[in-house]
Q: 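Below is a structure I'd like to ask you about.
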Amino acid sequence: MFIGVTGYNHEASAALVDKNGVLVDFYREESLSRIKGDKSFPRRSIKKLLVTNNLKIEDIERVAFYERPLSAFLHIVKEASLHMPRSLPLLTHQFRNFNRSSVSCYLDFAKFFRGLENKLIYSDHHLSHTLTALAYSDSRKDICSVVVDGFGDRSTASISQIVDPTEINELWECLYPVSLGLFYSSITDYLGFAINEGEYKVMGLASFGDSNSKSAKLVRGLMDWDYASNQMISDMSYFDYHLSTSNSFSSKLEDLLGPARNPFNQLIPGDSDFQRCANIARGAQDLTIYLLGKIFTHAHKITSSRRFLFSGGVSMNSASIDHLAQMPFVDEIIIPPNPGDAGCAIGAAFYCYLKSNSCSDIKISKPSFFPSLKEKRNDELLTEQIIFNEFTFLERCEDNAFLKAAELISTGEIIGTVLSSSETGPRALGNRSLLCDGKNKYAVNKLNTVIKNRSPFRPTAPAMRYEIAKKFYKLRPEIYDCYKSMSATCKCLEDNISLEFPTTHVDGTARIQIVENNSSLDKLLSMLEPMGIEILANSSLNVSGDPTCFDLVDGLMVCSRTKLSYLLTDLGLLKRKT
Amino acid sequence: MKKSQSELPVFHETAHAELASALEMLAACKATESSNQAFGYFMHAKDEYNHAKSFFEILSNRAKRASIEEARDFRFKPPSLITKGYISKQGFLIETMKLKDFIAFVYTNELLAKSSFENILIMVGNSSEEGKIISSIMADELRHHGMAKKFFLNHYPALQPWQLRIYRMKETFNNRGRKIYDINLKFLDKLLTPLYKAMAYVAGTMAKKLNLNEFKREGKNLMNISSNSIL
């Protein structure tokens, strides 16, 4: 058995791969600690992997950390040292927290899982991303990997050619501090949203912006592609992320674009500052699409490949994927369901597996979107009194519960789901979802605002079968797999009724989910279709600011804290008592 | 503006503390083997979540009026629950304490929390809308305190109420100790910051000379690079 772990600098997680190259289990630390974006050493996740799968330390052959800790530390220090004394606070912070950085992962293993520290190996950050994406690809050979993120342990973007899983040649890299991911995060910060969380909001906000506006053009000029060196270039004087622990952008950016937004003021379409912010977001989105286009073009040029793996935090920018798919040399783009740093644990676990096997033995099974084993604990016993006091069972039999849930959805109700195992990635694909009729404006609005308390400019995703999706949306076969994990947006067909759907964004796009066969949503849709409902609005089951629900107790808690009335669970369909 | 400067940290920290309490209770709910206890912890967690929400709303209302620069410092970042020490790096209390000590801790701290909210109540004004919310939170804390006491005495009948008082005194001293430690730490930090900066300057000067180019990966097979190297 092989374990891969992430943590410290980015979201913590742990993955387990068996000796046959099968991803057996995966946990994000935030799911277990209930602290969104938890970056601490993934103690709970590793423990859960061991306990749930009945493993002892001796059963683990190797453990891989997803990046090279000293490299990450030194690159930041080296860059900051070039800007002393301005960067002294950052340098002081780095040195004072040296023992709390990822460099201490060996010691943390020794402290919490004695014996595992001797089995610890290290993978390159971008290699972990690449191997994660490779696991989700049907083909393992002759494919190009593009990784674009904020910062890993060395570079901020890279292109590699995968000859086979044992030969992954890096052909291009963009060195820190020039970073498309950190640029996008800085704009996110400037617009008053939290870094590593608010990027989705910027993407949603961008649809309201005007590419020809002055603000958008100014943002568009903050980075560029240098044709002579085939590198991204950036005027670093507008940014502070490489110099400061607290500021990601400099006062020069505020001189250029106006004052940053107060994070506590709500952004509502029509308000005075809304359009300025939307235009800035538009500029950031346009620049991202432009630079990703350049990186992919360069990737094609140096690898001649027409098939791409795309991972790293920037690949979560689903609005740019449709543009990439339209490039003439692209035949296929694969994005793993968890392309951010948390997903790197999967790649790190496969790295151990590959390092322990000779080339002829290598078999990597394509993982499911729901790899975690079903919770073995008896949820029914634990939650007996909670359910007795706070909920009533509408149906206990599984089929009847689904049918009743379908009937409720058809009458405009919203249903939460805590079914089977949870999703690998950040997007709820049906097992930890909030669902309602995707064409019912009232229900979608209630889901978005009353229950989720989301910003009014963020749309909800529609989920449907492929046959239904092609009636309404311009699907691209190059990114078919991306639609299954909600990794790409698509445009509505021209003059199509879908333009009126409440799940369609202001720019006529939607981040659709094509439902997998035999999944929970597939079962629900098979009952809904005879009732005339073919599209579900699907959002993650959580309260704003919290991680997506992990187990039944979390689901019951969301129900209790919000106005959600119904919860479809493995125990049956529950209704919250008033 | 000055008033908001002193108020914002109070609401920011209190919201963190209440959210951490909610997470502690949720963890206790998941860790117990008893369905009745799970229900008790669940309801307690729900109350604490609601308290945190109230404090975040009060914070938000005030931060809207603060300068942008100041307001940015009071954004909620969930991992700060750990870095600020509201949730221990070693795990939730239920994982690191004996059940008896955990209940005694809840019993004591709910009462201490109520006392600290009295100061917040004075700050926002008794009769204001926010004052009513704080009063209701204080009533909740008192109820939690009572429930913890009942639980404690039911499950450990051999223990007497005076022993609970000893727990309370102990925890009060501990809390004061933590405050003094925190103040000393901040003082030491201020005192030593110039030294830290000087050391960082020296280290930074050496780091300038580092040549990281040899760690470039361009043209290399990433699978062939030593898996034992942390560089």
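All values below were derived from every heavy atom in this structure, side-chain atoms included, with hydrogens, water molecules and symmetry-related copies excluded. Reminder, nothing fancy here: chain letters follow the sequence lines and each chain counts from 1.
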Q: Distance from A:D38 atom CG to B:L81 atom CG, nearest 0.5 Å?
A: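 Result: 9.5 Å between the selected atoms.
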Q: Given that the side chain runs from C-beta out, which part of B:E69 has a heavy atom under 4.5 Å from chain A: side chain, backbone, both or neither?
A: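 For B:E69, no heavy atom lies under 4.5 Å from chain A.
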Q: Yes or no on side-chain contact (heavy atoms from CB on, under 4.5 Å) for B:I230 and A:S71, after CA distance, side-chain angles and deciding distance?
A: CA-CA 7 Å; B:I230 60 170; A:S71 178; over 6 Å; no
Q: Pick one of side chain, backbone, both or neither for A:Y106, based on which atoms fall under 4.5 Å of a heavy atom in chain B.
A: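 For A:Y106, no heavy atom lies under 4.5 Å from chain B.
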Q: Against chain A, label B:A20 side chain, backbone, both or neither, depending on which of its atoms sit under 4.5 Å from a heavy atom there.
A: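 Neither part; nothing is under 4.5 Å.
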Q: Let me know if A:P165 has heavy atoms under 4.5 Å from chain B in its side chain, its backbone, both or neither.
A: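 The answer is the backbone of A:P165.
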Q: Could you pull out all residues at least two apart from B:K84 that satisfy salt bridge (Lys or Arg N to Asp or Glu O under 4.0 Å)?
A: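 Scan of B:K84 (salt bridge (Lys or Arg N to Asp or Glu O under 4.0 Å), adjacent residues dropped) gives B:E13.
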Q: Name the option with the most non-hydrogen atom pairs under 4.5 Å to chain B; the candidates are A:S560, A:S155, A:A72.
A: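 With the most close heavy-atom pairs to chain B, the winner is A:S560.
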Q: Does the Lys NZ or Arg CZ of A:R96 fall within the cation-pi geometry relative to B:Y196 - under 6.0 Å from the ring centre and within 45° of the axis?
A: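 Judged by the rule (NZ or CZ under 6.0 Å from the ring centre, within 45° of its axis), A:R96 counts as positioned above B:Y196.
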Q: Is it the case that the side chain of B:S227 and the backbone of A:Y122 share a donor-acceptor pair, with hydrogens and angles ignored and the cut-off at 3.5 Å?
A: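 Not at all, since once roles are kept as given, no pair shorter than 3.5 Å links the two residues.
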Q: With a 4.5 angstrom heavy-atom cut-off, which part of B:S226 approaches chain A: side chain, backbone, both or neither?
A: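 Looking at B:S226, just its backbone touches chain A.
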Q: Would you mind telling me which of A:E30, A:E390, A:E384, A:K78 has the largest number of heavy-atom pairs within less than 4.5 Å of chain B?
A: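 Most heavy-atom pairs under 4.5 Å with chain B: A:K78.
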Q: Grab the two heavy atoms, one from A:L91 and one from B:G204, that are nearest each other, plus how far apart they are.
A: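 Scanning both residues completely, I find the closest heavy atoms to be CD1-CA, 4.2 Å.
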Q: Side chain, backbone, both or neither: which part of B:K220 has an atom under 4.5 Å from a heavy atom of chain A?
A: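 Just the backbone, heavy atoms under 4.5 Å.
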Q: Could you check which of A:T92, A:L175, A:L120, A:D153 has the highest count of heavy-atom pairs closer than 4.5 Å to chain B?
A: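 It is A:T92.
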Q: With a 4.5 angstrom heavy-atom cut-off, which part of B:M43 approaches chain A: side chain, backbone, both or neither?
A: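 The side chain, not the backbone.
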Q: If you count heavy-atom pairs under 4.5 Å between each of A:A260, A:G545, A:S158 and chain B, which one has the most?
A: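 Most heavy-atom pairs under 4.5 Å with chain B: A:A260.
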Q: What closest approach, in Å, do A:D124 and B:R217 show between heavy atoms, and which atom pair accounts for it?
A: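 A:D124 and B:R217 have their closest heavy atoms at OD2-NE, 2.6 Å.
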Q: Out of B:G40, B:S60, B:P79, return the one with the most heavy atom pairs under 4.5 angstrom to chain A.
A: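 If we count pairs closer than 4.5 Å to chain A, B:S60 comes out on top.
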Q: If you take all heavy atoms of A:P259 and B:I68, which pair is closest and at what distance?
A: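 Looking at all heavy atoms of both residues, the closest pair is CB-CD1, 4.3 Å.
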Q: If you round to the nearest 0.5 Å, how far is CE of A:M557 from NZ of B:K30?
A: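 Going from NZ on B:K30 over to CE on A:M557, the span is 9.0 Å.
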Q: Which residue out of A:L82, A:V77, A:D189 racks up the most heavy-atom pairs below 4.5 Å with chain B?
A: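 Among the listed options, the one with the most contacts to chain B is A:D189.
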Q: Which bit of A:R34 is near chain B, if near means a heavy-atom gap under 4.5 Å: side chain, backbone, both or neither?
A: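 Both the backbone and the side chain of A:R34 come within 4.5 Å of chain B.
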Q: Below 4.5 Å, heavy-atom pairs only: which of A:K355, A:H126, A:Q94, A:R44 has the largest tally toward chain B?
A: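 The option with the most such pairs is A:R44.
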Q: Check whether any side-chain N or O of B:R75 sits under 3.5 Å from a backbone N or O of A:F193 as a donor-acceptor pair, and report yes or no.
A: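 The answer is yes, because a donor-acceptor pair under 3.5 Å joins these two groups.
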